[in-house]
Amino acid sequence: MIEAKQRKRKARSDGNKGDRIASMSQRRKILYGLFGIIVGLCVGAFLRTYRTLEIVSMCNSINSMKQRSALDIIGLQPSETPSNSQSTLVFVGVMTAKEFLQGRARAVYDTWGRQIPGKIAFFSSQDSSAPGLPLVALKGVDDRYPPQKKSFMMLHYMYEHYIDRFEWFARADDDVYVRADRLEKFLRSIDSSKPQFIGQAGRGNSEDFGLLSLEFDENFCMGGPGVIMSRETLRRVAPHIPTCLKNLYSTHEDVEVGRCVQKFAGVPCTWNYEMQSILHHNSSGSRAFAGNLKSKEVHSAITLHPLKKPALMYRLHAYTLGLRAQELRQESLLLHRDIAQMTALLQIPRINKNLAPGVPIFPQDESSSDYLGDHNVLGATPDLNRHRPRTLDELVEWDFIAKSLYSGMHPNPKRRIESSVKEGLNDVIREIMEHINNFSRQRGRVIEFRELLYGYMRVNSLYGQDLILDLLLVYKKYRGKKMTVPVRRHLYIQRSFTEIRVREITDGVVPSQALPTSPGERRHHQQHGAPSDPTGRFIDATGLDRISHRMKSLFNGGIERLSDTLGVPSGGGGLGGPERRPAPDRIVFVIPLSGRSETFMRFLRNFEEVALRQDRRTDLLVSMFVEPVESPMVVRLLDRLRVRYPAARINHLQLYGNFSRGVALDRAIRSAYCAPDDILFFIDVDMVFTVRTLERIRHHVIRHRQIYLPIVFSEYDPRAPGTILAEAEAAAMASGSPSEPAGGPYNATGAAPERNFSAPYAITDERGYFRQFGYGLAGIYKADLLHPDLKGFSTDITGWGLEDVKFLENVIALNQRGNQRLAAIAEGRWDPLAAAASLAGTGAPSPGLGDGTAGAPGDVVAPSEELAIFRAPDPSLVHIFHPIHCDTNLEEAQYKMCRGTKANTLGSFRTMDDRFSHSQPLLMYARSQSVPRGSG
């Protein structure tokens with residue numbers, strides 16, 4: 001009984017314990033559930049509050065915009081009127097839509113919109129909002145197309161709020177570009193008190209014929225390139241806008257506006273053929289202005305239409321700013337010349353800087369940032385005889401321009417006109433024709449350029465470029481007795497050089513693009529008229545990378561403030577440590593070699609003295625084709641150098657087969673002896689260099705942006721004229737082996753001459769020439785060289801030559817894809833602004849074409865993948881002369897290149913004249929060598 005009772009008690013106890021455990025588990029679940037509900041409610045409340053704040057902020061911005069007065073929207077003071085202000089010439093109303101506010105509208109405001117000689121406002125649908133833009137949300141208007149109601153209501157808004165504030169009123173689209181300076185000059189030449197309706201007149205195309213309900217004497221101003229009306233015209237039309245809206249005869253808003261203006265203002269659109277070039281419409285569609293901008297229309301028009309993509313708007317604006325800078329420099333030059341003429345008439349000595357005691361001619365001297373330039377240089381009168389040579393050596397020879405370019409002192413006397421020269425001639429002729437026709441139109445005539453018949457050109461480094469051009473022109477008279485006559489005219493032109501201008505770039509940031517971050521800087525810029533939006537950010541109106549630049553400025557500013565707080569120098573030297581400059585990038589000299597051990601000894605002495613002892617960050621990689629006799633000596637020389645400099649990277653590759661420079665370079669760049677961050681510099685064994693060479697390589701080779709192809713100085717044949725046809729050389733040429741003496745090219749005694757490679761080389765016309773057409777020496781990062789579109793070096797070319805030309809062609813082909821990129825922008829397949837924002841925010845690789853696809857090799861590449869080619873003469877790189885043998889078994893192109901190089905090394909023009917022109921045997925020998933190749 002007792003045991004049974006105990007068992008019952010134990011069972012009840014276990015049951016109670018299980019009930020307690022179950023109850024605790026249930027309470028725990030309830031607590032967890034309540035906790036999850038509380039967390040969910042908090043998160044939901046936070047998100048809802050955030051969304052509410054966002055909506056409230058948007059509504060506040062819309063309400064604030066609605067509450068702002070019409071004058072506040074455009075930033076006009078109540079006291080400003082056309083009689084007392086220079087900023088009330090014209091009011092420009094830009095029709096846009098909600099979806100284009102942050103794209104096209106922002107691009108318009110960031111470019112030409114801020115330069116208007118008046119005010120600008122954007123007109124969109126009633127629920128539109130765009131902080132930072134002078135936006136008018138028209139009540140009861142939506143963004144449906146065609147925008148007839150929007151157009152008429154915009155004109156009515158102008159009339160209600162600004163009719164007495166401006167002289168002119170312009171209607172523009174958000175895809176038009178306006179040259180503000182030319183617009184001002186144009187409008188100030190016209191009487192604004194009369195009813196004027198200015199635009200490119202139209203009557204519709206063939207598809208619209210008979211459908212626009214236009215009378216025979218009626219027209220309309222096409223809306224695309226812009227429409228301008230005087231204050232009197234708007235005053236007459238605006239009260240009748242409701243009537244015009246009720247009586248629409250077509251779906252074209254510009255046709256209906258023109259009908260309304262003609263009916264109630266009594267003026268048609270300007271019947272003037274010249275308006276097609278003043279207010280220009282490009283019929284290329286979305287690709288308009290995506291190509292070359294050096295055209296007559298771009299240079300002469302006031303408005304350009306259409307620019308459908310914001311990136312094209314920024315590009316065109318940057319180009320027009322360059323044109324404006326040229327115009328200002330020319331005006332400054334003319335003012336300097338006028339001052340020089342006036343001071344001469346007043347008999348003021350040139351050395352005198354004052355008009356009178358205490359009255360300087362120029363208020364600022366060289367020490368001031370407002371210095372106006374060297375007046376003695378800028379005020380000089382143009383004269384083709386400004387430079388008067390005293391000796392024959394000072395004479396600057398002319399180049400003759402025809403179908404080809406002829407130069408007396410050039411290694412290639414007759415050659416194709418270079419693209420840079422051709423572009424410069426086109427620029428000069430275009431500017432001259434614009435200047436001529438500015439006065440011709442006033443007399444009812446126009447002169448057109450047809451052809452450059454011939455010309456002369458020379459460049460004097462002290463004064464400028466002189467041109468004498470014979471032009472074939474066409475004279476057209478369209479007033480009075482009409483006629484068309486071909487005429488020839490000679491132009492005598494001097495393009496004077498101005499003073500040297502230096503623009504400093506610090507850490508890759510141009511100062512003019514720097515954005516102020518501190519409040520004091522913002523106040524300073526605002527006081528001086530720098531454009532900004534309401535958020536306080538300053539706009540870079542000329543660059544496509546303004547978004548990424550702002551991000552970089554914020555990041556760099558934050559790092560600097562954090563460094564100041566922690567006491568860390570911004571240079572990154574550590575806590576309280578000194579600022580440390582980053583180590584320069586390593587250079588790897590890549591040398592293709594086959595034999596020539598004696599010459600290689602000279603190169604190693606040069607490399608040891610300059611690279612190993614002075615620079616200490618330059619490595620050597622020899623790509624060597626093995627030869628039984630000389631290769632062991634080359635390997636021993638490299639081994640000895642490694643022993644003396646164990647920390648240096650001195651390596652070599654052994655290749656077999658027939659020598660090929662392309663194969664040697666291709667194997668070297670794909671080897672493990674050079675890293676992607678290394679600068680590879682392809683050099684030949686005949687070169688000598690200095691520390692300046694290494695500095696230039698590091699300076700001119702920019703990763704992902706630029707490669708360096710130096711123009712080297714090549715020595716002429718230093719031997720006496722009588723040894724050119726020596727029997728030894730003739731025998732060596734017949735045997736097919738180079739005729740280099742055993743001791744090197746300069747020493748016939750067998751001892752290689754010692755040389756101080758740190759000393760500068762004396763560059764003279766008699767010692768050598770700069771090899772313009774040599775591309776074998778090149779500097780490039782390995783990471784750029786392995787780009788899939790460059791394809792390395794061609795490996796199917798035997799011997800020397802042509803592999804560098806093929807490589808250069810690949811680089812040029814890669815860069816020409818910029819035209820494809822412009823087409824992609826125009827067609828909407830790539831947006832560089834979105835790409836810049838993405839890169840600034842994530843640091844990820846550039847997106848492809850903006851359509852969600854990656855940038856495949858066949859797609860348009862990002863701007864950073866273009867490799868600009870930098871070429872410049874480098875007097876520190878000297879090619880030491882060695883005799884050249886051209887194997888007749890070479891390919892035709894290689895053989896011609898070899899013969900041309902050999903001919904260039906014979907000597908200067910004066911040396912050639914001394915050697916050949918007065919020697920009958922040498923002339924006979926030259927004639928005997930001019931037989932066709934392979935005939936013996």
Side-chain angles (χ1 to χ4, degrees), residues 8-68 97-103 106 124-133 135 137 139 142-143 515 517-519 522 532-537 546-568 575 831 833-847 850-854:
K8 289 181 181 180
R9 270 197 304 271
K10 185 176 183 182
R12 282 197 301 269
S13 176
D14 291 342
N16 294 335
K17 185 176 181 181
D19 293 340
R20 287 196 300 270
I21 293 175
S23 177
M24 291 177 62
S25 176
Q26 188 174 2
R27 285 198 299 269
R28 188 180 295 112
K29 291 180 181 179
I30 294 173
L31 290 175
Y32 286 160
L34 291 174
F35 180 75
I37 292 172
I38 293 173
V39 171
L41 290 174
C42 292
V43 172
F46 173 77
L47 294 176
R48 184 176 180 181
T49 304
Y50 178 80
R51 178 60 181 165
T52 302
L53 291 174
E54 189 179 31
I55 295 174
V56 169
S57 176
M58 185 180 299
C59 294
N60 288 337
S61 64
I62 295 175
N63 292 332
S64 64
M65 183 181 64
K66 292 180 178 179
Q67 294 171 3
R68 293 169 63 191
K98 187 176 182 180
E99 62 176 311
F100 299 131
L101 288 175
Q102 296 304 327
R106 178 71 64 181
S124 185
S125 55
Q126 64 178 0
D127 58 344
S128 299
S129 174
L133 287 181
L135 179 66
K139 184 178 180 180
D142 54 29
D143 288 332
L515 306 179
T517 55
S518 66
R522 291 197 189 101
S532 64
D533 61 20
T535 62
R537 297 174 300 179
R546 65 194 192 284
I547 300 175
S548 61
H549 189 83
R550 289 172 182 168
M551 295 298 296
K552 281 191 247 182
S553 300
L554 290 172
F555 179 79
N556 294 335
I559 291 295
E560 290 173 0
R561 288 189 290 271
L562 181 62
S563 300
D564 293 340
T565 303
L566 299 177
V568 180
L575 291 173
D831 186 357
L833 301 180
S838 174
L839 288 173
T842 64
S846 172
D851 57 359
T853 60

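No hydrogens, no waters, no symmetry mates; every other heavy atom, side chains included, goes into these values. Every value quoted in this text rests on a predicted model; they were computed, and no experiment measured them.
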### Atom of Leu101, atom of Ser128 and distance for their closest heavy-atom approach
CD1-CB, 3.8 Å

### Summary
With sequence neighbours left out, the residues meeting side-chain contact (heavy atoms from CB on, under 4.5 Å) with Asp143 are Ala97, Lys98, Ser124, Ser125, Lys150

### Query
Any idea which heavy atoms bring Ala130 and Gln102 closest together, and the distance?
CB-NE2, 3.8 Å

